[in-house]
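Just the heavy atoms: all of them, side chains too, but no hydrogens, waters or symmetry mates, feed the values below.
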Amino acid sequence: MFRSSCISFALLCALTGGTGWLRAQVSFSDASGCYDHPFLLTLRCPEGQSIGYTLDGSEPASPGTDSEVNLFLSPDLYSQRDLFRIPDSPSILWNPPDSVTHIIVVRAAAFNSQGKRQGATVTHTYLVADLIGYRPTLPVISVVLPAEALFDPDSGIFSPNGFNLDDDFFSGNFNQHGREWERTAWVEYLDPDGGGFAQCLGLRVHGGKTRRNMQKPLKLYARRDYGPRTIEYPLFDERPYHAFKRLVLKPFSASWYKGGVQDALAHSIAEPLSFLSLASRPVTLFINGEYWGIYYLQESPDEHLVASLEGADDDEVDLIGSWLGLEQTGNNAGFLQMMYFMEDVDFSDSIQYARAEELIDIDNFIDYQLFEAFICNNDWPANNMRCYQYDDRPWRWIFYDGDACFIDPKQDFNPILTYEGDDTWPSSRESTLCLRRLLQSPLFVDRMARRLNEIIATAFHPDHTRPLLAALATTVAPEVGRQAARFNVPVDSVQWRIGIAAIDRFLAQRPSCYRKQMQRLLAPSAVHGIRFAAAPNPTHGNIVLFYEESLVGWTFYHLYDRMGRVLYEGSIYLPLGQSSVPLSLPPLPTGIYLMRLDASNETLQIVVY
């Protein structure tokens, strides 16, 4: 038999409307969890009271007749509400399935002889393999709340009520924000191999444009109003802490293209880099016992993440959510001052660059920029930006939202990184300001170029990235067919595997394309009159190039025959503080050749003998 371990406090207590903890009067013979076979579940309450229970997520409102209730776990206990048939997206996106998988949710409370409820409601979830036809391989999250909290036309947070394509980011209930649009839900996390958590949490619709989809992004909030201030459970192996204030449920269907794993893969690749990224794991979601597809349970990119990972006081974190200085929490004055400084200063001056190092964590910023360009995040940099500061430390960045990544391995990201026009998406002049200005500094260019060489050979190397993809795909593969049947995203398992293969090709091909693009970004501009020399010349093929020490960065060189035909093209790095660099020419027959370098308007004559 497989089942989760008993979630003890769900047997003891629950919450009622924010009035505080009340001892539950109803006990369940078996804990919430995953089971092989159906069994007889027994509910009991004290003598003189009777049990009222529901199966559709609603709170028990009236008593039954007995202090003991026996329920045999069978399809007769499935909710009959069929929430999947209630529209939760605009008609153009609404395409419900004919049926969905159900599991059993029982909510029970005790009532006295006058019909007054005694104690708190107790909620348990039962997933029975014999009934649903499979054993879950992913953790299960069961969200339970009255259906009206989600689908009521006026107040339901899933309702498309009032949605208008002309106002598609703000119309419709699902696009509303703030505490007013947070609903109280009972949430259980069930590990197939045992363990989990269960508690009352706040539930909101989360995200941007994906809010309108049938499979909506969600966010969970732990608050004292609901019970414990944090969710306490070791959800992520890579994290040393087990307490979480907020968690995000990111839907599998949020990826821009087939695959569903893009965001999780991006975070896996980012994990060893110097900026913050989010821990996540795939789960399957059930709402009031109805299958709601594959989600990624994920940390929230907020001040609590910074506090947990860096030991900061979350009340002292200034968290910024846009390049224009939108505060997520704290104060934006320091960020705006930093941006004003970046706008006004010439960073070719080493003194001014030293000041920039006091304002920005340069290593963090370099990794962040190199990473976003490598994965080709097409919903960045103007969007999906988070940076933070505390205790007057330099500004640092957080990566989140990789749904628009891993599409075209040959995509040249340099125009996005250096954009200076009037557009506001996907790039903008504000979002590229820091990088454009820092590239004025030879010190910064040298630092970024050296890091580029390191990172391509390690974190971005296919030997590192492709196994991460394979592991993610293997983990979710058993569930993809059910996800496709529920939401038609992906269309089916075959199309999903085609999408995974495309991501794998991206990871294999991207490093070579990316290296050349970044080398061009980090190349010094061609300067009229800058001369190069080579020695020995004539040569057998190994030379030393001499150049002006002020040049730093990558430059491309081109070899021509005397007819002007290109014979070879390559790149060479001009290190900071040097004026010469060795270069091995490709095998060439004896003769006279011409060499031209992108960093100069001059042409060298090379004699090979």
*How would you list, by chain and number, every residue that makes a salt bridge (Lys or Arg N to Asp or Glu O under 4.0 Å) with R437, sequence neighbours excluded?*
none
*K219 side chain to S300 side chain, donor-acceptor N/O pair below 3.5 angstrom*: yes
*Checking Q483 side chain against I294 main chain: does a donor-acceptor pair fall under 3.5 Å?*
yes
_Within the structure provided, determine whether I375 and F406 are in side-chain contact (heavy-atom separation under 4.5 Å)._
yes
*Validation row, ring centre F374 to ring centre F460 under 6.0 Å*: yes
_Polar side-chain atom of T458 near backbone of E454 as donor-acceptor pair, under 3.5 Å_ = yes
_Pair E299 + R239: basic N to acidic O under 4.0 Å_ = yes
*So Y296 and F252, would you call those rings parallel, tilted or perpendicular, with 30° and 60° as cut-offs?*
parallel
_What verdict does the side chain to side chain contact (heavy atoms under 4.5 Å, CB included) test give for R565 and Y560, after you've listed the backbone C-alpha separation in whole Å, the side-chain angles of each residue and the deciding distance to 0.1 Å?_
CA-CA 5 Å; R565 292 172 295 199; Y560 305 86; over 6 Å; no
*Kindly write out the residues that satisfy salt bridge (Lys or Arg N to Asp or Glu O under 4.0 Å) with E271, not counting sequence neighbours, or none if the list is empty.*
none
*Walk me through it: do Q369 and R451 pass the test side chain to side chain donor-acceptor pair (under 3.5 Å)?*
CA-CA 11 Å; Q369 295 285 325; R451 181 56 173 159; over 6 Å; no
_K250: which residues meet the salt bridge (Lys or Arg N to Asp or Glu O under 4.0 Å) condition with it, sequence neighbours left out?_
D401, D403
_R212 NZ/CZ over F163 ring centroid, <6.0 Å and within 45° of normal_ = no
*Please check if the side chain of R510 supplies one atom and the backbone of C376 the other of a donor-acceptor pair under 3.5 Å.*
no
*Would you check if the distance from the ring center of F244 to the ring center of F236 is below 6.0 Å?*
yes
_Charged tip of R520 within 45° of W554 ring normal and under 6.0 Å_ = no
*Residues in side chain to side chain donor-acceptor pair (under 3.5 Å) contact with T432, at least two apart in sequence or another chain*: R436
*Find out whether P192 and V140 are in side-chain contact, i.e. whether some heavy atom of one side chain is under 4.5 Å from a heavy atom of the other.*
no
*Do the side chain of H267 and the main chain of L278 share a donor and acceptor less than 3.5 angstrom apart?*
yes
*Can the ring centres of Y189 and Y233 be said to be less than 6.0 Å apart?*
yes
*Is any side-chain heavy atom of M214 less than 4.5 Å from a side-chain heavy atom of V489?*
no
*asked:* Is the distance between the ring centroids of F365 and W397 under 6.0 Å?
replied: yes
_With a 4.5 Å cut-off on side-chain heavy atoms, are F399 and N377 touching?_
yes
*In chain order, what residues pass the salt bridge (Lys or Arg N to Asp or Glu O under 4.0 Å) check against R429, with sequence neighbours excluded?*
D422
*Hey, is R246 close enough to E303 for a salt bridge, meaning N to O under 4.0 Å?*
yes
*Does R211 make a cation-pi contact with F158, if we ask for NZ or CZ under 6.0 Å from the ring centre and within 45° of the axis?*
no
_Less than 4.5 Å apart, side chain to side chain, heavy atoms only: is that true for F335 and C387?_
yes
*Do any N or O atoms from the side chain of D318 and from the backbone of Y390 form a donor-acceptor pair under 3.5 angstrom?*
no
*Looking only at atom types and distance, does a side-chain atom of N384 sit under 3.5 Å from a main-chain N or O of W380, one as donor and one as acceptor?*
no
*With distance as the sole test, does N332 use its side chain to make a donor-acceptor pair with the main-chain N or O of G325 at under 3.5 Å?*
yes
*Flag the pair H461 / I456 as yes when at least one side-chain heavy-atom distance between them is below 4.5 Å, and no otherwise.*
no
_Main-chain N/O of N213 paired with S89 side-chain donor or acceptor, under 3.5 Å_ = no
*Heavy-atom donor-acceptor pair, Q262 side chain to G260 backbone, under 3.5 Å*: yes
*side-chain hydrogen bond (donor to acceptor under 3.5 Å, both in side chains) partners of residues 487-502, not counting sequence neighbours, each pair once*: K258-Q495
_Atom CG of D98 with >12 non-hydrogen neighbours under 6.0 angstrom_ = no
*Evaluate the criterion salt bridge (Lys or Arg N to Asp or Glu O under 4.0 Å) for residue pair D168 and K209; output intermediate values, then yes/no.*
CA-CA 8 Å; D168 57 348; K209 197 171 183 178; 5.1 Å; no
